[in-house]
2 protein chains.
Amino acid sequence: MAVFLSTFENKVDRKGRVSIPASFRGALEQEKSTGIILYPSFKHACIEGNGDERIQEIVNSIDALDVFSDEAENLQTILADARQLAIDSDGRIILPSEFIEYAQLDGVATFVGLGKGFQIWEPKTFTEHRAKNRERARKQGATLRIVSSDKTVVT
Amino acid sequence: MAVFLSTFENKVDRKGRVSIPASFRGALEQEKSTGIILYPSFKHACIEGNGDERIQEIVNSIDALDVFSDEAENLQTILADARQLAIDSDGRIILPSEFIEYAQLDGVATFVGLGKGFQIWEPKTFTEHRAKNRERARKQGATLRIVSSDKTVVT
DNA sequence: GGAGAATATATGGAAAATTATGGGTATGCA
DNA sequence: TGCATACCCATAATTTTCCATATATTCTCC
């Protein structure tokens, strides 16, 4: 299974190009993804990333719902905001301008490995976010139950 | 199968011509569709679009219903209003005037990727629709159960 | 163990190809 | 003849591809 770990800081040039961290590329190859899927996070000012294998699962799952239901429509908004991006021969993608704006990137992007996926943050914003997360974890006392078949939470 | 993602805004010229977004054309080629099928949306003031493959699924689904049921009859009206359109050598289609009127297009069309299909909207109308959808998704707390292996909760 | 070579990664710039879009001309049907 | 459709071409803007370089990392042989 592909696993995205650690954090990396890479530059975003004038054209919006940014290198995907080499270890992330390795993870993508493992899951046979030729490209990646990006979409704006519901909860935070960051971009969510997955291998493009993942999107097929989401599409199929939405398709399993009643076509005309509100539920299906709600979820389709995710797809409307998502983009599939090819990784070029230099290991880079071009970040669409709407994502650069949404995450308020200014020349630098922080790639954050989250196991099954990853996030792209503006470095300063991420630092603050991480500080808050750690604080909360300390207060609440984080616990984790390991399960065989895995559960994922996309935010 | 082909996946339609993201949103694009393209111009509709005086002749009713409009470019199909390149990524949508790529998706259509994948499913060996030579053209696209458009029909007015049941629920909204927009046009629904699909590749040939998807239409076949819809036809089969309707066929599986009780032949004389109201439901079957309702859905058959979709097929009656549908049009198959060829994509020309420049990647464009000609939008029939009845669709332009139905979606109230005025020179610009927003293409919205919804996974297995897509929609064509008047830009302003779509912006409003999307705002409503997001609001509702937040209220209802959109969740998605991934059908294959793992469970996903989108919040 | 260490110096230097070879490889991999990140990044910038320029050339080539694709896309979106407008206009024109022929063709056919009523 | 008039309208609508199909086909062809031109162009600007964008996107993709290719090449060059600097930095970092790994390897190898002494």
Side-chain angles (χ1 to χ4, degrees), chain A residues 4-30 33-38 49 52 82-101 105-113 118 120-123, chain B residues 2 4-30 33-38 47 49 82-101 105-113 118 120-123 126:
Chain A
F4 300 92
L5 286 179
S6 186
T7 69
F8 303 86
E9 234 178 58
N10 286 342
K11 289 185 185 172
V12 183
D13 71 13
R14 252 169 303 157
K15 297 182 193 171
R17 289 184 304 187
V18 61
S19 292
I20 302 293
S23 76
F24 283 19
R25 296 205 296 268
L28 289 166
E29 278 171 29
Q30 268 191 41
S33 289
T34 56
I36 63 175
I37 301 292
L38 296 184
D52 55 14
R83 308 264 324 237
Q84 176 166 28
L85 301 173
I87 298 176
D88 68 21
S89 56
D90 298 325
R92 289 184 284 198
I93 56 168
I94 298 179
L95 279 176
S97 55
E98 66 260 30
F99 290 162
I100 293 180
E101 278 172 32
L105 301 180
D106 185 26
V108 194
T110 301
F111 286 77
V112 184
F118 60 92
I120 302 175
W121 289 78
E122 191 281 319
Chain B
F4 299 93
L5 288 179
S6 186
T7 69
F8 303 87
E9 233 178 59
N10 285 343
K11 291 184 184 171
V12 182
D13 69 13
R14 254 169 299 158
K15 298 180 188 175
R17 291 182 303 185
V18 61
S19 292
I20 303 293
S23 76
F24 284 19
R25 295 205 297 269
L28 289 166
E29 277 171 29
Q30 262 191 44
S33 291
T34 54
I36 63 175
I37 289 162
L38 298 185
I47 309 302
R83 310 248 337 230
Q84 178 161 30
L85 301 173
I87 298 176
D88 69 20
S89 56
D90 298 323
R92 288 184 284 199
I93 56 170
I94 297 180
L95 279 175
S97 55
E98 68 258 33
F99 290 162
I100 293 180
E101 279 171 33
L105 301 181
D106 184 27
V108 194
T110 301
F111 287 77
V112 184
F118 61 92
I120 301 175
W121 289 79
E122 191 282 318
F126 173 66

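Chain A is the first sequence line, chain B the second, and so forth, proteins listed ahead of strands; every chain is numbered from 1. The basis for the numbers below is simple: all heavy atoms, side chains too, and nothing from hydrogens, waters or symmetry mates.
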Interatomic distance where CG belongs to A/D88 and P belongs to C/dA16 [whole Å]:
18 Å
A/K11 atom NZ is separated from D/dT21 atom C1', nearest whole Å, by 13 Å
Closest non-hydrogen atoms of B/R25 and B/I87, given as atom of the first, atom of the second and distance, are CD-CG2, 4.3 Å
Quickly work out the A/Q84 CD to D/dT15 P distance and round it to whole Å.
16 Å
How long is the line joining CD1 of B/I87 and P of D/dC7, in whole Å?
14 Å
Among C/dA20, C/dT11, D/dC7, the one nearest B/R17 by side-chain distance
D/dC7
When all nucleic acid strands are considered with a 4.0 Å heavy-atom cut-off, which category describes B/L85: base, sugar-phosphate, or nothing?
nothing
Quick check on DNA chain C: between B/R14 and A/S23, whose nearest nucleotide comes earlier from the 5' end?
A/S23
Within the structure, does a side-chain N or O atom of B/R25 lie under 4.0 Å from either OP1 or OP2 of C/dA20?
yes
When the distance from CD1 of A/I93 to P of D/dT17 is rounded to whole Å, what number comes out?
14 Å
For the pair A/T7 (side chain) and A/F111 (backbone), establish whether a donor and an acceptor sit closer than 3.5 Å, ignoring hydrogens and angles.
no
Measure from the side-chain N and O atoms of B/N10 to the backbone N and O of B/S19, and report whether any donor-acceptor pair falls under 3.5 Å.
yes
Atom CZ of B/R83 to atom P of D/dA4: distance rounded to whole Å?
13 Å
Separation between NZ of B/K11 and CZ of B/R92, rounded to the nearest 0.5 Å:
12.5 Å
Please pick, from C/dT21, C/dT19, D/dC19, the nucleotide with the shortest atom-to-atom distance to any side-chain atom of A/R92.
D/dC19
What's the spacing between B/L85 CG and B/I94 CD1 if we round to 0.5 Å?
9.0 Å
In whole Å, I'd like the distance from the CG atom of B/D13 to the P atom of D/dA6.
14 Å
Nearest-nucleotide wise, let me know which of A/D90 and A/K15 is further upstream toward the 5' end of DNA chain D.
A/K15
Find the distance B/I94:CD1 to C/dA20:P and express it as a whole number of Å.
17 Å
